[in-house]
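Notes to accompany the following structure.
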Amino acid sequence: MNKRFYITTAIDYVNGRPHLGHAYEKIIADVIARARRSLGQEVFFLTGLDEHGQKVQQAAVTEKKSPQVYCDELAAEWKAFAQKLGLTNNDFVRTTEPRHKETVQACLTRANDAGHFYRKTYSGFYSTREETFLTEKDRLPDGTFDPAWGEVVELKEDNYFFKLGDHQQWLMDYIGQNPNFIAPDYRRNEVLGFLKSSTLEDLCISRPVSRLGWGIPIPFDPGYVTYVWFDALVNYISIPAAQGDPTVLAAIGKNSQSTEQTSLWPADVHVIGKDILKFHAVYWPIMLKALGLPLPKQILVHGWWQKDGQRISKSTGNVVDPIAVIDEWGVDAFRFYVLRELDIGPDGNWTDGGFRARYSAELANGLGNLVNRSLSMLKRYRDGIVPAKSDELAGEAAKALNETRSNLEQNQLQAALQSIQALVTRANQYVDQTAPFKLAKDPAQAKRLDEVLYNLAETCRVLAVLYQPFLPGTAAKIYDQLGLGAAPDKFSEAAWGKLQPGHKIGEPAPLFPRKDV
Ligand code: ME8
């Protein structure tokens, strides 16, 4: 049984509406998943929803619905959203599903039996909005708490705590010895800095049922439910357990209920946003260590989008609605823009003008124009029949292929797009330099025209394969217009010279209609 390349995203809070940030993260993961498949790996891509907690409970009460009905309705919208983005996830986890809850409870039992938890009385301040306990360190200089915490209440209650502090030195050593564990580098340094400068406080992992009913019951104390993060993070192993992953099943002491065994754990990449870095790079590794499980290979941390230089916010109306953009411009244009504009790491800024400018310059006039004029000329001058092979652009195509492969293997998606675009630019230049429309007027230049037309058609084919993880619909259209039956989803097909002389291409049609803007 081969271990599959296992990639996950953060699971979104079900009670928000899908926005640009959610879409961006899921597209990053989808492109990596598709790229790995194209490179010949077996992939398992997981995304889903985080459905427990106080906010969901409150929202359901406000709408006079049971929390489960409320979640079920919203989950349908989120699943439709995943489809709209063209995601190729292999599973979709909802934390209210029995298969997830069982694993959370098994993990709690294991960790408790191994002595990782203790119960103590907590008294102090609690932020209801963020569902978290606050300490003196969270106070502002004037003694109050930041309004971002929402209502802060004083509490005195018994809870279960997870001994994080015992593992601080181990975690620092691990991060130090595994430079690729947290990417990009500056996020790794941020975690190391935090671990070096502060002592980890033990993590409260429970909430009394009397205060929060909408959660997973703690198996060894029915008076409590699990704190949301201990529930949410476990999705990364609960789905492998449900898929029969032997490593996870052995760690939680369960037998496979699935007929098939799929080896997934450890995850290869957890794609997450910068705000949840501490949960993934500090709490999660320690939870895994307590369960005797290996750590994920990489936590890949992306930045946050703003719109017009301001925080995206429902209350101020400063939002980008991915569905509206996709309906107007197509899903590939949306996928292209977010990955081309923003590297994985820094924060980005969406402007409608910036989106239109890239659409027009890079998609309509760049790739779209190249494919359309190349195939239209082949159709017009050679009746759509591919002429004899020629390899004038083979060197440039090979360069794009090698650079793209290397970038994809390192999850450098923006750099991969730049390498591919360099080939588009070169091929458009080649059209201008060789002027096939002039060659066509001179019968003595027939052989030269054949060469040019072959180079252009073959470059379009190579581009379809290279772009496929990013622009799956467009890549399929290019193959279709080339009259090629198979899907352009195998990277090895990007090798030069696979387009056969004598083959008849299909009908050219614009890929990215120009818009008057
Ligand atoms: O944090 N730009 O859920 P969530 C880019 N349920 N990314 C953004 C963003 C923005 N403006 N806003 C949010 C949660 N995100 C938890 C996760 S994982 C076990 C549990 C990203 O719906 C954010 O950084 O608030 C996170 O990675 C993801 O969207 C889900 O955020």
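Both ligands and their constituent atoms are indexed starting at 1 by order of listing.
- If you look at Phe181 and Tyr174, their ring centroids are closer than 6.0 Å.
- The distance between the ring centers of Trp305 and Tyr24 falls below 6.0 angstrom.
- Aromatic ring centres of Phe133 and Tyr126 lie closer together than 6.0 Å.
- Judged by distance alone, the side chains of Glu403 and Asn407 never bring a donor and an acceptor atom under 3.5 Å apart.
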Quick check for students: name every N or O atom pair between ligand 1 and the protein closer than 3.5 Å, with distances.
| residue | atom | partner | partner atom | Å |
| --- | --- | --- | --- | --- |
| ligand 1 | 2 (N) | Trp305 | N | 2.9 |
| ligand 1 | 6 (N) | Ile11 | O | 2.7 |
| ligand 1 | 6 (N) | Asp50 | OD2 | 2.7 |
| ligand 1 | 11 (N) | Trp305 | O | 3.3 |
| ligand 1 | 22 (O) | Tyr13 | N | 3.0 |
| ligand 1 | 22 (O) | His22 | NE2 | 3.1 |
| ligand 1 | 24 (O) | Asp275 | OD1 | 2.5 |
| ligand 1 | 24 (O) | Trp304 | NE1 | 3.1 |
| ligand 1 | 27 (O) | Glu25 | OE1 | 2.6 |
| ligand 1 | 27 (O) | Gly273 | N | 2.9 |

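- Checked by atom type, the side-chain pair Thr95/His100 shows no donor-acceptor distance below 3.5 Å.
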Quiz prompt | Full working for salt bridge (charged side-chain N to carboxylate O under 4.0 Å, His left out) between Lys3 and Asp268 | solution = CA-CA 10 Å; Lys3 183 189 163 325; Asp268 292 85; 2.9 Å; yes

